[in-house]
Amino acid sequence: MAANREGQEEKKDRLFKALHGNKTLLESEKLYEYILETSVYPREPQCLKEIRELTEKHPWSAMMTSPDEAQFLSMLLKLINAKNTMEIGVFTGYSLLATALAIPDDGKILALDITKEHYEKGLPIIQKAGVAHKIDFREGPALPLLDQLIQDEKYHGTFDFVFVDADKDNYINYHKRLIELVKVGGVIGYDNTLWGGSVVAAPDADLDEHILYLRDFVKELNKALAVDPRIEICQLSIADGVTLCRRIG
């Protein structure tokens with residue numbers, strides 16, 4: 001019986017590590033390291049490297065956007081000529097800095113996070129990079145602020161790009177609001193839409209309660225995005241899954 005319990009705990013630990021401890025769904029760690037060492041790290045700006053290495057020492061480092069995903073988002077921002085952007089869920093600011101480096105000098109990022117504590121750890125590096133003037137950080141729950149923006153029609157359809165990496169149980173609520181704020185042709189990116197692969201686990205799978213609870217919200221979002229006629233979507237298996245939504249109406 002004890003051995004069985006130990007086996008179950010070991011299984012849960014592996015699943016939790018797969019969800020929170022790794023930055024990719026690739027089964028080969030060597031292949032992922034090859035991608036990083038060959039294509040990502042050689043191109044990573046020094047300031048991004050500094051904030052990444054700083055964040056890797058944080059006990060919640062798994063919350064940081066993966067380096068290959070940050071590189072992808074940076075190129076995407078340049079391809080769509082994004083200038084007015086928003087980020088929901090900032091943490092220490094790794095993906096925020098990647099965005100600030102990618103947009104023009106007069107570009108803007110409305111950065112929302114429930115707490116400023118973690119952002120302040122990366123802020124000195126962002127300031128040293130010379131892009132802090134692009135960031136308008138707002139502390140507190142994102143939904144009330146989004147509601148304020150929606151109430152003022154001058155903000156409707158004004159954002160070129162929005163990146164969401166925050167509380168998964170509010171993703172569907174964010175989408176209901178963001179679709180009004182992003183412009184036609186603009187893009188919303190939702191992170192963690194494969195939730196460590198748990199979206200395909202059996203309903204009675206032996207998963208951590210936290211993973212199971214949020215898995216249902218992630219699946220709800222995925223189903224809603226798949227049938228939303230106002231957007232085109234592309235779900236990518238990069239990192240923990242990222243879904244891009246391009247507003248078409």
Side-chain angles (χ1 to χ4, degrees), residues 16-24 32-33 36-37 40-77 82 84-103 105 107-146 159 161-171 174 189-192 195-196 210-211 214 238-242:
F16 188 82
K17 182 179 179 182
L19 181 58
H20 295 284
N22 296 331
K23 290 297 180 184
T24 178
Y32 184 53
E33 287 298 323
L36 295 178
E37 298 294 341
V40 180
Y41 290 156
R43 296 273 186 160
E44 185 180 43
Q46 179 60 29
C47 56
L48 272 180
K49 179 182 178 181
E50 289 179 14
I51 202 168
R52 173 173 57 80
E53 292 179 342
L54 172 72
T55 309
E56 286 172 348
K57 300 174 184 177
H58 194 286
W60 298 346
S61 60
M63 291 173 57
M64 178 177 64
T65 301
S66 68
D68 52 326
E69 182 179 9
Q71 184 186 60
F72 166 74
L73 293 174
S74 176
M75 179 172 287
L76 174 64
L77 287 160
N84 188 36
T85 72
M86 184 191 306
E87 181 163 328
I88 303 177
V90 173
F91 195 38
T92 59
Y94 182 71
S95 59
L96 182 65
L97 178 54
T99 298
L101 292 170
I103 63 177
D105 190 60
K108 297 296 179 184
I109 312 168
L110 179 59
L112 314 179
D113 201 292
I114 193 69
T115 176
K116 199 173 186 177
E117 176 186 355
H118 308 302
Y119 170 63
E120 288 179 336
K121 296 183 184 299
L123 184 56
I125 298 173
I126 293 173
Q127 292 171 330
K128 186 173 66 172
V131 294
H133 66 282
K134 302 180 185 181
I135 299 169
D136 177 11
F137 183 92
R138 308 284 185 89
E139 184 178 21
L143 287 176
L145 179 57
L146 294 178
F159 288 90
F161 179 79
V162 181
F163 182 56
V164 184
D165 184 8
D167 42 333
K168 315 309 170 196
D169 46 351
N170 267 320
Y171 267 27
Y174 291 142
Y190 293 101
D191 202 17
N192 305 112
W195 203 224
H210 174 73
I211 297 174
L214 293 179
I238 189 170
D240 189 30
V242 57

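Between I135 and A111 the shortest heavy-atom distance is CG2-CB, 4.1 Å. Taking every heavy atom of both residues into account, A98 and S74 meet most closely at O-OG, 4.3 Å. Taking every heavy atom of both residues into account, L146 and Y174 meet most closely at CD1-CD2, 3.8 Å. Closest heavy-atom contact between D68 and L36: N-CD2, 4.2 Å. Closest of all the heavy-atom pairs between T99 and E87 is OG1-OE1, 4.1 Å. When all heavy atoms of Y32 and S66 are compared, the pair lying nearest together is OH-CB, 3.6 Å.
Between the CG atom of D167 and the CG atom of L143 there is a distance of 7.0 Å, given to the nearest 0.5 Å. With rounding to the nearest 0.5 Å, the separation of CD1 in I126 from CG in L97 is 5.5 Å.
Residues P45 and L101 are in side-chain contact: their nearest non-hydrogen atoms beyond the backbone lie under 4.5 Å apart. Contact of the D240 side chain with the W195 side chain is registered, since non-hydrogen atoms from C-beta on lie closer than 4.5 Å. Taking 4.5 Å as the limit, some side-chain heavy atom of K128 sits within range of a side-chain heavy atom of E50. Looking at E56 and Y94, their side chains never come closer than 4.5 Å, going by heavy atoms from C-beta outward.
Not a single side chain to side chain donor-acceptor pair (under 3.5 Å) links D113 to another residue, sequence neighbours left out. With sequence neighbours excluded, the residues satisfying ring pair (Phe, Tyr, Trp, His ring centres under 6.0 Å) with F137 are Y119. Remark: T55 engages I51, M64, F91, T92 in a side chain to side chain contact (heavy atoms under 4.5 Å, CB included) (not counting sequence neighbours). Scanning for side chain to side chain contact (heavy atoms under 4.5 Å, CB included) contacts around E120 gives K116, with sequence neighbours left out. With sequence neighbours left out, the side chain to side chain contact (heavy atoms under 4.5 Å, CB included) criterion links P141 to I114, P144. Under the side chain to side chain contact (heavy atoms under 4.5 Å, CB included) criterion, R138 pairs with L110, L112, D136, L145, sequence neighbours left out.
Side-chain N or O atoms of Y171 include one that pairs as donor or acceptor with a backbone N or O of D191 at under 3.5 Å. Under a 3.5 Å cut-off, the side chain of K108 and the backbone N or O of H133 do form a donor-acceptor pair. Using a distance-only test at 3.5 Å, with no hydrogens or angles considered, a donor-acceptor pair links the side chain of K134 to the main chain of I103. Checked by atom type and distance alone, the side chain of S61 never pairs as donor or acceptor with a backbone atom of K57 at under 3.5 Å.
Below 30°, between 30° and 60°, or above 60°: for F161 and F163 the angle between ring planes is below 30°, a parallel geometry.
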